[in-house]
Amino acid sequence: MRMTRLVAKTLREAPADAEAVSHRLLVRAGYIRRISSGVYSYLPLGFRVLRKIESIVREEFDAAGAQELLLPALQPIELWEESGRTKTMDDVLMRLELRGADFVLGPTHEEAVIATVGQDIASYRDLPATVYQIQTKFRAEARPRYGLLRTREFIMADAYSFDVDQEGMRASYKSVFDAYCRAFDRLGVTYYPVEADAGSIGGDVNHEFMVPAAIGEDHFALCGHCGYKANIEAARRGVADQQGTVAVPEMAEIETPGATTIESAVEMITRSGHPMTSADMLKTFVGRDDQGGLAVFLVPGDRQVRLPRGYTALDAAIFGDHPFLHRGYVAPMGMQARKVKVYADHSVRVPRGWTTGANRPDTHVIDALIGRDFEVDEFMDLVVVEDGDHCPQCGEPLSLVRSVEAGHTFQLGLTYPEKISSARFSAEDGSEAMYFMGCYGIGVSRLPAVVAEVTADELGLCWPISVAPYQVHLVAISHLRDPEVARISEELYSSLGAAGIEVLFDDRDLAPGVKLNDADLMGIPVQLVIGPKGIASGVVELKRRKDQSRREVTVLDAESAVISLVAELFAEL
RNA sequence: CGGGGAGUGGCGCAGCGGCAGCGCACCUGGUUUGGGACCAGGGGGUCGGGGGUUCAAAUCCCCCCUCCCCGACCA
C-alpha cells in the first residue's frame, strides 16, 4: 500500500478526550476514529490489525475442531426472558422495539446459539460439537472508557461446546482452552489464564485470560513461588491456624454515638481509653441470599468483604425491615436466635477478643470472644485478597497484578439447559437429556488496544509481527528529487510484495524527519529506509522498530534481508 | 446512578459584553530534503441546542444535549 493512497493521516496531537496510551496512539497513528462515546470506527490500518487478530483466533478455533457460524445480533427478547437474563443482565442489555415486537442487541450469544442448533444437535450421535462465531456485540456500558477497551459496541469471538456429560464437557473445555493458549502465544503478549469468578454468565470452573497492563481494570493474585493465580474476585489467601485458648476479659460495652463506620468507631473507642486499630475490629457485614434469607459475614475490620456466591449486600434501604439490625452497630451475638447464619473468614478464628457492634444503636463492645460471646456456623474465605497476603497453596506472599481481561472460558454445565427447554437431545437409551455446555469468549476488538498498550514505547506503537497491519514500512527519502532512490524504492516495493511480504510504502512528498517519525509512530515492525546517502554507496537501512537497531545492507541483499528479518520476528513470538 | 470538568474550523487551544482568532492539518505557487523545514497566498466556524437579559451575547442568566475524568456497576 502506498501512503499517498492510504486513507489515514497521522495527528501530531491526540484528541483531548483520549486518556489511555493505546487510545491516543491508535488515533494519532491513523488506526481508529471515535464516532460516539464507546463507539469506534476502524480505519484501514486498524481494520487490518483487527482482521489479523481475528484470523489467529479463527485458525486456532478451527484447529481445535470448532466450526464457524454466524448468529444474529438482533435477538427476540423472548429468548432472554426464558433464560432469565433480561433480569440478571438488565443493566447492560440494549433493548429496542420494532413494530411492536421487543428485541435486544446481543451482548453475548448463549441463548441465540441454543436456539440455533436445536434441531441440528438433537441426538447423542451429534455430540460432542463445538461452534463459534466472530461478530459484533452490544452492551449498554454505563461508562465506556479507555478507547477500545470498554465500548458499547465490540467484536467478540465466542465458542460454544455441547457434550453428553460432564466428562465430555471437560474434554471440550481443555481443547478450547489449549486453543486459547496457542492464540495468545501468537499475539505476542504475556498472558495468564487465572481462576475466575463466573459472574452473570453462570457456571462452575472458569478461567480468565489476563494480560498485565497499566490500564487494566482487573487485578489477579499471583504467587511467584508456586504459580498460584486467581482473579481478585476469586482469589483466596492462606491463613495460619492459630487455634488455642487465651484469657480474654469479660465482654464490655462502650458508648459510641454516631460512630457508624469502622474508622470513626476506632477513633472513638481509642479516645475512650482502649487503644486499637481497625484490624482489631470485627466487621459484621449483612448479606441476603436469593430467597431473602439473611446471614452475617465476619471479617477483620481492615479487610474488604467478599461475599460468597449467591449472596448480595443487604440494601441500606431495607435495613429497617429488620428491627434487630442497626446500621453500623451490627454484631454476631445472638444472630442464630434470629435465624441469621453467621459465617466468618478463616482469619477470624484466632484466640482473641474482638471489638464489634453491640446490636444496639450508638454502642460497641470490646473483648467479644468466639464460642463464649457468639457462635460461628462456618468458617470460609470471605476477604478480598490484598498484596502481600499468603498464598493458599504454598504460603509465600502473593502479589496483585493489574491486568486486562482479554478472554474468558467457562464450563457452564447445565446452567442454560436447565432454563431453556429446547436445550435437549435424545440420549442413547432414548430418553431426553440436557447437554453440558461450555462457552469461551475472546475480546477481539479489545485486543488491538491491549496489544498496543503493552508493546508501545515513547516513540509510538510497536506491533508484534503477527498483528501488525503491514510487516515492512518502506520509507523513501527524497525519492522525488533522486531518481535512483525512486527506482530502487519502486523495485523493492514490488519485489517484496511479489515475495509475499506485506509492505507499506511511504511515497509521500514530505521531509525525511516527518516520514521517519511517522514510521515509528505507526509501529510497523520492520523499517526499510532508502535515501540518497545510502544509495550513493549502494546500501539501504534495515531497522527493527522494537529496539531501533539498524544495519546497512546492500541494495542487492535488501530483499532477502527483509524476508529473513520478518521470519526472525515471527520466530521470536 | 453519584461527584467533578469540558463543549469555539478536521485536531489542539486562546478569546469571556463591542469586526471570531492562533498552532497543526488542508488547497495554490516557490524554496528546502536523513529525525516533526521555510516564504507568500487561500479555503473552511449557525462559537453544542433552545430560551432569556442587553442598543449589542461565543462572552451574562435559565433549561436541555453531548463528551471526558473519579466512583458505583461489569460478559
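No hydrogens, no waters, no symmetry mates; every other heavy atom, side chains included, goes into these values.
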Please work out if A:Glu405 contacts a base, only the sugar-phosphate, or nothing of the nucleic acid, heavy-atom cut-off 4.0 Å. nothing
Roughly how many Å apart are B:G48 and B:G12, using the P atom of each and rounding to a whole number? 14 Å
Reckon A:Ser36 has a side-chain N or O less than 4.0 Å from the OP1 or OP2 of B:C67? yes
Distances for protein N or O near nucleotides 7-10 of chain B N or O, under 3.5 Å:
none

Distance between the C1' atoms of B:A14 and B:G7, in whole angstroms? 15 Å
If we ignore angles and hydrogens, is there a donor and acceptor under 3.5 Å between the side chains of A:His23 and A:Tyr40? yes
Picking from A:Leu447, A:Ile442, A:Ile155, what satisfies side chain to side chain contact (heavy atoms under 4.5 Å, CB included) with A:Ile53? A:Leu447
Record whether the side chain of A:Arg550 comes under 3.5 Å of the base of B:G34 through a donor-acceptor pair of N or O atoms. no
Compute whether any side-chain donor of one residue and acceptor of the other, for A:Tyr416 and A:Arg85, lie under 3.5 angstrom apart. yes
Detail all sub-3.5 Å separations between protein N/O atoms and N/O atoms belonging to nucleotides 2-4 of chain B.
none

Please measure how far the C1' atom in B:A58 lies from the corresponding atom in B:A6, and state the result in whole Å. 15 Å
With P as the reference atom in both, quote the distance from B:G17 to B:C11 in angstrom, rounded to an integer. 27 Å
Would you say the side-chain atoms of A:Thr261 and A:Ser264 include a donor-acceptor pair closer than 3.5 Å? yes
Less than 3.5 Å apart, any donor N or O on the side chain of A:Asp178 or A:Ser175 sitting next to an acceptor on the other? no
Among B:G34, B:G35, B:C74, which is the nearest nucleotide to the side chain of A:Arg139? B:C74
Scan side-chain atoms only and decide if A:Lys137 and A:His109 contain a donor-acceptor pair under the 3.5 Å cut-off. yes
Spacing of the C1' atoms in B:A57 and B:G51 (rounded, Å): 13 Å
Nearest whole Å is fine: how far is B:C11 P from A:Arg33 CZ? 10 Å
Within the 3.5 Å criterion, strictly below it, is a donor on A:Glu81 or A:Thr86 matched to an acceptor on the partner's side chain? no
Does the side chain of A:Tyr173 come under 3.5 Å of the side chain of A:Thr409 through a donor N or O and an acceptor N or O? yes
When you compare the side chain of A:Val553 with that of A:Val539, does any pair of heavy atoms fall below 4.5 Å? no
